[in-house]
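Working notes for the structure below.
The sequence lines fix the lettering, A, B, ..., with proteins before strands; numbering per chain opens at 1. All values below were derived from every heavy atom in this structure, side-chain atoms included, with hydrogens, water molecules and symmetry-related copies excluded.
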There are 2 protein chains.
Amino acid sequence: MQNQSTEDYIKGIYQLRRRTGAAVSTSDLARHLKVGDGSVTDMVKRLSAKKLLNYVPYKGVTLTEVGVKLAMKTIRRHRLWEMFLVRHLGYSWDEVHEEAERLEHVTSLELEERLDRALGSPSVDPHGDPIPTREGELKELIHPSVAECREGGRYRIARVSDESPEVLQYLKKLGLTLNKRIAIKQMIKFDGSVIVEWNKREIFLSGLMARNIFVEEA
Amino acid sequence: MQNQSTEDYIKGIYQLRRRTGAAVSTSDLARHLKVGDGSVTDMVKRLSAKKLLNYVPYKGVTLTEVGVKLAMKTIRRHRLWEMFLVRHLGYSWDEVHEEAERLEHVTSLELEERLDRALGSPSVDPHGDPIPTREGELKELIHPSVAECREGGRYRIARVSDESPEVLQYLKKLGLTLNKRIAIKQMIKFDGSVIVEWNKREIFLSGLMARNIFVEEA
DNA sequence: ATATATATTTAGGTAAGCCTAAATAATCGA
DNA sequence: TCGATTATTTAGGCTTACCTAAATATATAT
Ligand SMILES: [Mn+2]
Ligand SMILES: [Mn+2]
Ligand SMILES: [Mn+2]
Ligand SMILES: [Mn+2]
């Protein structure tokens, strides 16, 4: 098993790459991990020596096959823990990320299996993010954000960005949680905000909020 | 919160001290933690600077009040996790120590509270060891070992040494788990072994085994 | 194309935790 | 009580993962 830093670097690279598609720059990774640029260059060389990633100076890093495996393993553990904390310990979806961020690094294969079994092998985490399989397969679901919906459409909330606890807290307060069914009442072009209907109430969502909620046609 | 090494050192000191009563020598601690003697001297100086313990060269270490608090917190988390893994994830008592040894260091106060609540504030762990309270109070229960029992006596198994997984596995196979009621059939002076009766069967326990099972008069 | 701005790496340091071997202190036996 | 044995500390090193500032490479704008 690898240590906390290694796993967080590899996971970070995987996630940044999913967003940009290209090689991940050391400075983007530094920002993501909240460490200095020089520290990343340093660490990235060591991870490259361990064959977890390919590093081309001034060009950025990409994960090797082994690296992707490790990313999958870490993400799987993270999301299983999030799910477990919600279902079995009464956490709400805005409280689990931090905990899972630490637990993911001290989870044996045995524990991973037992978490999975206790949850009935869930396919998504509390934020709607897919959980990689035991074998490391991850099918990314591509859902449009509320900001990209058509007026009058009816949708199911399929995923919510887990970036900020505040967004999650706010949505919880509104009642807009996973799998809730909403209708798009009005798209306000001017600032990208959206008015949705849920439970017979009209809810106003800022443009930023709308871009953090992902839906599926209902 | 402290890091893994710090917590394991402090916990180790607490546990060694409970057994011997006196200040803990650096070499005993080194053996316990499986690190070199010199490493312990090194670390112990740092922990002393942090006011977690008092270190007198050549005399050994004792925990400060703050140190004892940290030991209690760590032991509480360890034992709550052991209990949780057994009750909620189907682990058996010989499989939980290693897992808890890592989980104890990444457990927030919030998580500690939720584990405790989910378990109904248990007073002992799966091995019969008492769980410190939220406030850090620990009442050590003093039970005689089977090796110290009187022939013909009837007892309840109150605690089992969690030192070795083998002992625990063996006892599990025999069916001699916590709270089981046994009768002492014969104490064999020659080698300290004991024959006990449980569930209408006679079970032979080696001297070493007998010294690792602790009981309460029934 | 060249100067300037920005991104990235290098260099030199630090702290934590470990190791081994040498030095020294404490303890024990006769 | 003195010499030998044992326990403990010191010294010198190592690796990991950070930091900051200086140097250098790359990208951008005129
Ligand atoms: Mn993490
Ligand atoms: Mn999540
Ligand atoms: Mn531990
Ligand atoms: Mn235990």
Return each pair, listed once, that meets salt bridge (charged side-chain N to carboxylate O under 4.0 Å, His left out) where at least one residue sits in residues 15-25 of chain B; pairs must be two or more places apart or across chains. B:R18-B:E140, B:R19-B:E163
Under a 4.0 Å heavy-atom cut-off, which of residues 62-74 of chain B touch DNA chain C? none
Taking the side chain as everything from C-beta on, heavy atoms only, tell me whether B:D8 gets closer than 4.5 Å to B:E104. yes
Any pair counted as salt bridge (charged side-chain N to carboxylate O under 4.0 Å, His left out), so long as it reaches residues 30-45 of chain A, sequence neighbours left out: A:D28-A:R31, A:D42-A:R46
Between the side chain of A:S48 and the main-chain N/O of A:V44, is any donor-acceptor distance below 3.5 Å? no
Kindly write out the residues that satisfy side chain to side chain donor-acceptor pair (under 3.5 Å) with B:T64, not counting sequence neighbours, or none if the list is empty. none
Flag for A:W81-A:T107: side-chain donor and acceptor within less than 3.5 Å: yes
Scan for salt bridge (charged side-chain N to carboxylate O under 4.0 Å, His left out) pairs involving residues 78-92 of chain B, sequence neighbours excluded, and state none if there are none. B:R79-B:D125
In B/S/- notation (B base, S sugar-phosphate only, - none; protein heavy atoms under 4.0 Å), nucleotides 9-19 of chain C written 5' to 3' is BB-----SBBB
